[in-house]
S.K.: 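Please see the structure below; I have some questions.
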Amino acid sequence: MKVIQLEDYKISVDCSFLLSPRRTVVNTINAYSWVVAERDSEFKTALLNSDILVPDGIAIVWAAKVLKGEKIKKISGADVHAMLLSELNKVGGKCFYLGAQPETLAKIRAKLAMEYPQIKVETYSPPYKAQFSSEDNQQMYHAINAFEPDVLFIGMTAPKQEKWVEENKSFLNAKIICSIGAVFDFYSGNKKRPPLWMRNLGLEWFGRLLMEPKRLWKRYLVWTPRFIGLVYKYKRKAQNRKD
């Protein structure tokens, strides 16, 4: 598996983790999560402790070029989700979806039955709250571990999902634990993903901004410029060390 070091983060730029024989925690990183992690130490620890951290954003692809001269490819959460489902379908594997409302999970089940009929699936909708109680966590452990999934997909939005996995992963009986946030809504059809031509041009962020301006304007118009500033700060430091 090819990995590049971008400041503190080891970022995986291929998907050979699909062949890993041990329990693997998969997270994604983009400009927004990078900047938030600089202010949220628990979130940063969760990202740093990922077994696999994939570049889910054109800004990370750009940063790899600026800082390392590396040409890498964006790997979105939706890409990881699709690749894992494809592999599970080949072997009749099991996946578990933790997060979202029951209606969304029902749509996911129905779509999986059509597209990946060999996969066994189970779901659980946790209570909608900022902080789970010990009882909440125990109920989630029980649901997951009774099913023993090959892949556990977590959809609670960042940074909640990554921090929850970091805190609770030792209690979870799953081979791959993958935080994919908005993919639950994309796959269920609750939200549309920007068209392929936008994604191919590195404009998926712009498509999402057009679709949800009230929710995402700050992420793309405030946090992304801050990330760009950080990247140039890192570059200046590296140049000063060479001088």
Side-chain angles (χ1 to χ4, degrees), residues 1-84 87 151-154 157-167 169-170 175-183 199-200 202 204-205 219-220 222-243:
M1 176 170 56
K2 184 179 178 183
V3 175
I4 62 169
Q5 186 81 33
L6 288 184
E7 296 305 304
D8 297 333
Y9 301 102
K10 292 181 178 178
I11 298 180
S12 304
V13 296
D14 64 46
C15 289
S16 56
F17 67 84
L18 290 170
L19 305 176
S20 175
R22 61 187 180 84
R23 183 172 65 192
T24 302
V25 173
V26 182
N27 286 316
T28 66
I29 189 166
N30 54 33
Y32 169 74
S33 57
W34 189 306
V35 175
V36 170
E38 292 301 302
R39 301 175 174 214
D40 185 334
S41 60
E42 290 182 8
F43 184 33
K44 186 169 186 176
T45 296
L47 293 177
L48 289 174
N49 287 343
S50 307
D51 296 300
I52 306 294
L53 187 62
V54 297
D56 184 9
I58 197 66
I60 302 298
V61 173
W62 168 79
K65 183 68 174 177
V66 171
L67 297 175
K68 297 291 185 179
E70 292 266 7
K71 185 177 181 180
I72 66 172
K73 183 179 179 181
K74 174 187 170 185
I75 304 173
S76 70
D79 295 331
V80 173
H81 179 248
M83 287 183 283
L84 287 169
E87 293 300 311
V151 179
L152 169 60
F153 293 117
I154 311 286
T157 74
K160 182 180 179 180
Q161 60 193 7
E162 291 85 359
K163 294 197 286 189
W164 187 85
V165 170
E166 176 64 16
E167 184 178 350
K169 60 188 178 184
S170 61
K175 296 175 184 176
I176 295 176
I177 304 172
C178 186
S179 297
I180 55 173
V183 176
R199 304 201 299 266
N200 288 341
E204 182 168 9
W205 67 272
R219 174 180 297 195
Y220 295 122
V222 176
W223 297 103
T224 297
R226 291 184 184 179
F227 173 74
I228 292 171
L230 278 175
V231 170
Y232 282 115
K233 181 180 177 181
Y234 300 147
K235 188 172 180 64
R236 286 194 299 270
K237 283 185 177 179
Q239 289 172 338
N240 290 338
R241 284 195 296 267
K242 289 180 181 179
D243 295 340

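Since this is a predicted model, take the numbers as computed values, not measurements. All residue numbers in this chain count up from 1 along the given sequence.
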S.K.: Who pairs with Asp40 by salt bridge (charged side-chain N to carboxylate O under 4.0 Å, His left out), at least two apart in sequence or on another chain?
M.R.: Lys163
S.K.: Taking C-beta and beyond as the side chain, do Val222 and Arg226 meet within less than 4.5 Å on heavy atoms?
M.R.: yes
S.K.: Which distance, rounded to the nearest 0.5 Å, do you find between the CD1 of Ile58 and the OG1 of Thr224?
M.R.: 11.5 Å
S.K.: Step by step, would you call Lys68 with Leu6 a side chain to side chain contact (heavy atoms under 4.5 Å, CB included)?
M.R.: CA-CA 8 Å; Lys68 297 291 185 179; Leu6 288 184; 3.7 Å; yes
S.K.: Is Met83 close to Ile75 at the side-chain level, that is, under 4.5 Å between some pair of heavy atoms?
M.R.: yes
S.K.: For Ile29 and Ile11, which heavy atoms make the closest approach, and how far apart are they?
M.R.: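 Heavy atoms of Ile29 and Ile11 come nearest at CG2-CD1, 4.0 Å.
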S.K.: Phe43: which residues meet the ring-ring contact (aromatic ring centres under 6.0 Å, His included) condition with it, sequence neighbours left out?
M.R.: none
S.K.: Taking ring-ring contact (aromatic ring centres under 6.0 Å, His included) as the definition, give me every residue that meets it alongside Tyr232, ordered by chain and number, with sequence neighbours left out.
M.R.: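 ring-ring contact (aromatic ring centres under 6.0 Å, His included) list for Tyr232, sorted by chain: Trp62.
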S.K.: Out of curiosity, Phe227 CZ to Trp34 CH2, how far, rounded to the nearest 0.5 Å?
M.R.: 5.5 Å
S.K.: Run the side chain to side chain contact (heavy atoms under 4.5 Å, CB included) test on Leu230 and Glu7 for me, step by step, so that the C-alpha distance in whole Å, both residues' side-chain angles and the decisive distance to 0.1 Å come before the verdict.
M.R.: CA-CA 10 Å; Leu230 278 175; Glu7 296 305 304; over 6 Å; no
S.K.: Rounded to the nearest 0.5 Å, how far apart are OG of Ser179 and CG of Leu47?
M.R.: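 The CG atom of Leu47 is 9.0 Å from OG of Ser179, to the nearest 0.5 Å.
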S.K.: Working to the nearest 0.5 Å, report the span between NZ of Lys175 and CG of Leu84.
M.R.: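 With rounding to 0.5 Å, NZ (Lys175) is 12.5 Å from CG (Leu84).
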S.K.: Quick one, Leu67 with Lys235, criterion side chain to side chain contact (heavy atoms under 4.5 Å, CB included). Give me CA distance, side-chain angles, the key distance, then yes/no.
M.R.: CA-CA 6 Å; Leu67 297 175; Lys235 188 172 180 64; 4.0 Å; yes
S.K.: Roughly how far apart are Arg199 CZ and Asp79 CG, rounded to 0.5 Å?
M.R.: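 If I round to the nearest 0.5 Å, the distance is 7.5 Å.
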S.K.: So, Asn27 side chain and Leu53 main chain: donor-acceptor pair closer than 3.5 Å or not?
M.R.: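 No, because the side chain of Asn27 does not come within donor-acceptor range (under 3.5 Å) of the backbone of Leu53.
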S.K.: Go through the steps to decide whether Asp56 and Lys74 satisfy the test side chain to side chain contact (heavy atoms under 4.5 Å, CB included), and finish with yes or no.
M.R.: CA-CA 6 Å; Asp56 184 9; Lys74 174 187 170 185; 3.6 Å; yes
S.K.: Tell me whether the rings of Trp223 and Tyr32 are parallel (<30°), tilted (30 to 60°) or perpendicular (>60°).
M.R.: perpendicular
S.K.: Picking from Glu166, Lys169, Glu162, what satisfies side-chain hydrogen bond (donor to acceptor under 3.5 Å, both in side chains) with Asn49?
M.R.: Glu166
S.K.: Could you tell me the separation between the CD atom of Glu38 and the NZ atom of Lys44, rounded to the nearest 0.5 Å?
M.R.: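 Going from CD on Glu38 over to NZ on Lys44, the span is 4.0 Å.
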S.K.: Between Val61 and Ile72, what is the shortest heavy-atom contact and its length?
M.R.: CG1-O, 3.4 Å
S.K.: For a quick test of reading the model, state the closest non-hydrogen atom pair linking Ala31 to Ile60 and the distance between them.
M.R.: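 Taking every non-hydrogen atom into account, N-CD1, 4.2 Å.
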S.K.: How close do Cys178 and Val80 get, counting heavy atoms only, and between which atoms?
M.R.: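 It is SG-CG1, 3.7 Å.
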